[in-house]
Amino acid sequence: AQDVHKPLVLDLLPYLKEEEVLEWLQRRAESCRKRPSRRPVPASEELARKLPRRFADGFWKNEASKQLGVRPRAGLEDLEPSALQRLASLLKHWEVKIIGTEGYPKAEVTCGGVSVEELSDETMECKK
(Lines give C-alpha, C1' and ligand atoms only; values in the text may rest on other atoms or scores of the structure.)
Protein backbone atom coordinates (compact mmCIF):
# COMPACT_ATOMS: atom_id res chain seq x y z
CA ALA A 1 0.00 0.00 0.00
CA GLN A 2 1.18 3.51 -0.76
CA ASP A 3 1.78 6.02 2.01
CA VAL A 4 -1.10 8.46 1.50
CA HIS A 5 0.58 10.97 3.80
CA LYS A 6 3.77 11.28 1.74
CA PRO A 7 4.11 14.88 0.51
CA LEU A 8 4.11 15.84 -3.13
CA VAL A 9 7.42 17.51 -3.99
CA LEU A 10 7.21 20.25 -6.63
CA ASP A 11 10.01 21.87 -8.59
CA LEU A 12 8.68 25.38 -9.26
CA LEU A 13 11.57 26.29 -11.58
CA PRO A 14 12.30 23.01 -13.43
CA TYR A 15 14.33 24.72 -16.15
CA LEU A 16 16.93 25.92 -13.61
CA LYS A 17 19.33 24.03 -11.34
CA GLU A 18 19.20 24.90 -7.64
CA GLU A 19 22.58 26.66 -7.91
CA GLU A 20 21.19 28.81 -10.75
CA VAL A 21 18.14 29.70 -8.66
CA LEU A 22 20.38 30.75 -5.78
CA GLU A 23 22.57 32.84 -8.10
CA TRP A 24 19.48 34.53 -9.53
CA LEU A 25 18.13 35.28 -6.02
CA GLN A 26 21.51 36.68 -4.96
CA ARG A 27 21.70 38.91 -8.06
CA ARG A 28 18.15 40.19 -7.51
CA ALA A 29 18.84 40.84 -3.80
CA GLU A 30 22.01 42.78 -4.69
CA SER A 31 20.13 44.74 -7.35
CA CYS A 32 17.45 45.65 -4.79
CA ARG A 33 20.11 46.85 -2.35
CA LYS A 34 21.61 49.14 -5.01
CA ARG A 35 18.30 50.61 -6.17
CA PRO A 36 18.45 54.41 -5.76
CA SER A 37 14.89 54.85 -4.53
CA ARG A 38 15.16 51.97 -2.03
CA ARG A 39 11.39 51.71 -2.34
CA PRO A 40 10.70 48.45 -0.54
CA VAL A 41 9.83 45.74 -3.04
CA PRO A 42 8.33 42.60 -1.52
CA ALA A 43 10.12 39.39 -2.43
CA SER A 44 6.87 38.22 -4.04
CA GLU A 45 7.38 40.83 -6.78
CA GLU A 46 10.84 39.47 -7.47
CA LEU A 47 9.50 35.89 -7.54
CA ALA A 48 6.87 37.06 -10.04
CA ARG A 49 9.71 37.55 -12.53
CA LYS A 50 9.90 33.74 -12.75
CA LEU A 51 6.46 32.58 -11.53
CA PRO A 52 2.91 33.70 -12.32
CA ARG A 53 2.19 36.81 -10.23
CA ARG A 54 -0.81 35.52 -8.27
CA PHE A 55 1.01 32.29 -7.51
CA ALA A 56 4.17 34.17 -6.47
CA ASP A 57 2.13 36.39 -4.12
CA GLY A 58 0.38 33.46 -2.45
CA PHE A 59 3.49 31.28 -2.34
CA TRP A 60 5.54 34.02 -0.69
CA LYS A 61 2.86 35.13 1.77
CA ASN A 62 1.56 31.70 2.80
CA GLU A 63 4.58 29.45 2.44
CA ALA A 64 8.02 30.92 1.85
CA SER A 65 7.95 33.88 4.25
CA LYS A 66 6.58 31.64 7.02
CA GLN A 67 9.17 28.92 6.44
CA LEU A 68 11.94 31.51 6.37
CA GLY A 69 10.60 33.30 9.45
CA VAL A 70 10.37 36.72 7.78
CA ARG A 71 7.54 39.20 7.41
CA PRO A 72 5.44 38.89 4.22
CA ARG A 73 6.46 42.40 3.06
CA ALA A 74 10.18 41.58 3.32
CA GLY A 75 12.26 42.02 0.21
CA LEU A 76 15.02 39.76 -1.07
CA GLU A 77 17.52 42.37 0.13
CA ASP A 78 16.26 41.79 3.70
CA LEU A 79 17.16 38.10 3.61
CA GLU A 80 20.37 36.70 5.07
CA PRO A 81 22.47 34.54 2.72
CA SER A 82 21.28 31.40 4.53
CA ALA A 83 17.64 32.44 3.96
CA LEU A 84 18.32 32.97 0.25
CA GLN A 85 19.77 29.43 0.15
CA ARG A 86 16.68 28.04 1.90
CA LEU A 87 14.42 29.96 -0.51
CA ALA A 88 16.29 28.49 -3.50
CA SER A 89 15.87 25.03 -2.01
CA LEU A 90 12.18 25.65 -1.34
CA LEU A 91 11.62 26.76 -4.95
CA LYS A 92 13.23 23.53 -6.17
CA HIS A 93 11.76 21.14 -3.56
CA TRP A 94 8.45 22.55 -2.31
CA GLU A 95 6.68 19.88 -0.27
CA VAL A 96 2.90 20.00 -0.48
CA LYS A 97 0.95 17.81 1.90
CA ILE A 98 -2.10 16.25 0.27
CA ILE A 99 -4.75 15.97 2.95
CA GLY A 100 -7.66 14.80 0.84
CA THR A 101 -9.84 15.63 -2.09
CA GLU A 102 -13.09 17.46 -2.52
CA GLY A 103 -14.50 14.36 -4.13
CA TYR A 104 -16.31 13.56 -7.32
CA PRO A 105 -18.71 16.58 -7.28
CA LYS A 106 -15.76 19.01 -7.39
CA ALA A 107 -13.59 17.06 -9.84
CA GLU A 108 -12.37 19.09 -12.81
CA VAL A 109 -13.01 16.27 -15.27
CA THR A 110 -15.44 13.55 -14.38
CA CYS A 111 -16.52 12.22 -17.76
CA GLY A 112 -16.51 12.97 -21.46
CA GLY A 113 -13.76 12.88 -24.00
CA VAL A 114 -13.37 10.40 -26.81
CA SER A 115 -14.23 6.75 -26.45
CA VAL A 116 -11.17 4.56 -26.92
CA GLU A 117 -13.22 2.38 -29.27
CA GLU A 118 -13.23 5.33 -31.69
CA LEU A 119 -9.41 5.41 -31.80
CA SER A 120 -6.91 3.31 -33.70
CA ASP A 121 -4.85 1.44 -31.13
CA GLU A 122 -1.81 1.72 -33.42
CA THR A 123 -1.89 5.41 -34.38
CA MET A 124 -4.37 6.97 -31.94
CA GLU A 125 -6.16 8.44 -34.98
CA CYS A 126 -9.91 8.76 -34.87
CA LYS A 127 -11.54 5.93 -36.88
CA LYS A 128 -14.57 8.06 -37.75
Side-chain angles (χ1 to χ4, degrees):
Q2 289 184 332
D3 180 5
V4 295
H5 300 291
K6 188 174 181 180
L8 178 67
V9 180
L10 301 176
D11 182 348
L12 299 179
L13 299 171
Y15 51 90
L16 295 173
K17 295 177 185 170
E18 188 168 334
E19 302 79 38
E20 294 170 317
V21 174
L22 178 58
E23 289 168 6
W24 172 74
L25 290 169
Q26 290 168 333
R27 282 193 311 273
R28 295 306 310 151
E30 188 60 30
S31 175
C32 291
R33 284 185 198 101
K34 291 180 177 178
R35 203 175 27 251
S37 70
R38 280 294 282 149
R39 176 184 69 85
V41 176
S44 61
E45 285 190 34
E46 295 297 334
L47 294 178
R49 293 172 176 265
K50 300 272 187 201
L51 301 168
R53 178 166 299 283
R54 285 179 57 197
F55 179 82
D57 289 343
F59 175 75
W60 177 254
K61 179 181 175 189
N62 300 307
E63 284 290 326
S65 65
K66 289 180 181 177
Q67 287 196 32
L68 298 175
V70 298
R71 57 187 168 65
R73 297 292 302 164
L76 291 180
E77 69 273 20
D78 300 322
L79 301 182
E80 297 291 328
S82 62
L84 288 173
Q85 175 64 56
R86 290 194 330 266
L87 178 56
S89 181
L90 183 59
L91 289 164
K92 294 299 290 178
H93 312 279
W94 181 33
E95 290 189 5
V96 178
K97 293 180 179 80
I98 308 299
I99 56 172
T101 70
E102 294 195 19
Y104 190 82
K106 290 283 189 177
E108 289 290 324
V109 177
T110 57
C111 65
V114 177
S115 169
V116 292
E117 282 125 23
E118 295 179 20
L119 301 175
S120 163
D121 51 348
E122 291 180 16
T123 65
M124 295 300 288
E125 288 181 306
C126 186
K127 294 178 185 176
K128 293 184 177 183

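This chain uses plain numbering: 1 for the first residue, then up along the sequence.
- The shortest heavy-atom contact between Ala56 and Leu51 is CB-CB, 4.2 Å.
- Using a distance-only test at 3.5 Å, with no hydrogens or angles considered, a donor-acceptor pair links the side chain of Trp60 to the main chain of Pro72.
- Other residues, nucleotides and ligands place more than 12 heavy atoms under 6.0 Å from the CD atom of Glu118.
- In this structure, CG on Asp11 lies 9.0 Å from CD on Glu18, to the nearest 0.5 angstrom.
- When every heavy atom of Glu20 is checked against every heavy atom of Lys17, the shortest pair comes out as OE1-N, 2.6 Å.
- With hydrogens and angles ignored, the 3.5 Å screen pairs a side-chain donor or acceptor of Asp78 with a backbone N or O of Gly75.
- Residues Pro14 and Lys92 approach most closely at CA-NZ, 3.9 Å, considering heavy atoms.
- Transitive grouping of hydrophobic side chains (ILVMFWY, heavy atoms separated by less than 4.5 Å) keeps Val96 and Ile99 in distinct clusters.
- Put simply, CG on Asp57 and OG on Ser44 are 4.5 Å apart, with the number rounded to the nearest 0.5 Å.
- Here the CH2-CD distance, from Trp24 to Glu19, works out to 15.5 Å after rounding to the nearest 0.5 Å.
- Within the model, atoms CZ of Arg86 and CG of Leu22 stand 12.5 Å from one another, a figure rounded to the nearest 0.5 Å.
- The pair Arg33-Glu30 counts as a salt bridge, with a side-chain nitrogen and a carboxylate oxygen less than 4.0 angstrom apart.
- Taking all atoms of both residues into account, the shortest heavy-atom contact from Leu25 to Leu84 is CD1-O, 3.7 Å.
- The structure places CG of Leu87 at 6.0 Å from CG of Leu47, a figure rounded to the nearest 0.5 Å.
- A distance-only check finds no donor-acceptor pair linking the side chain of Glu46 to the backbone of Ala43 [under 3.5 Å].
- Shown here are the salt bridge (charged side-chain N to carboxylate O under 4.0 Å, His left out) partners of Glu45, two or more places apart in sequence or in another chain: there are none.
- Arg28 CZ to Lys50 NZ: the interatomic distance, rounded to the nearest 0.5 Å, is 9.5 Å.
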side-chain contact (heavy atoms from CB on, under 4.5 Å) evaluation trace for Trp94 with Leu8: CA-CA 8 Å; Trp94 181 33; Leu8 178 67; over 6 Å; no

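- The side-chain heavy atoms of Glu125 and Leu119, taken from C-beta on, include no pair separated by under 4.5 Å.
- No chain of hydrophobic side-chain contacts below 4.5 Å, direct or via other Ile, Leu, Val, Met, Phe, Trp or Tyr residues, connects Leu13 to Val9.
- For the pair Ser65 (side chain) and Lys61 (backbone), a donor-acceptor distance under 3.5 Å is present.
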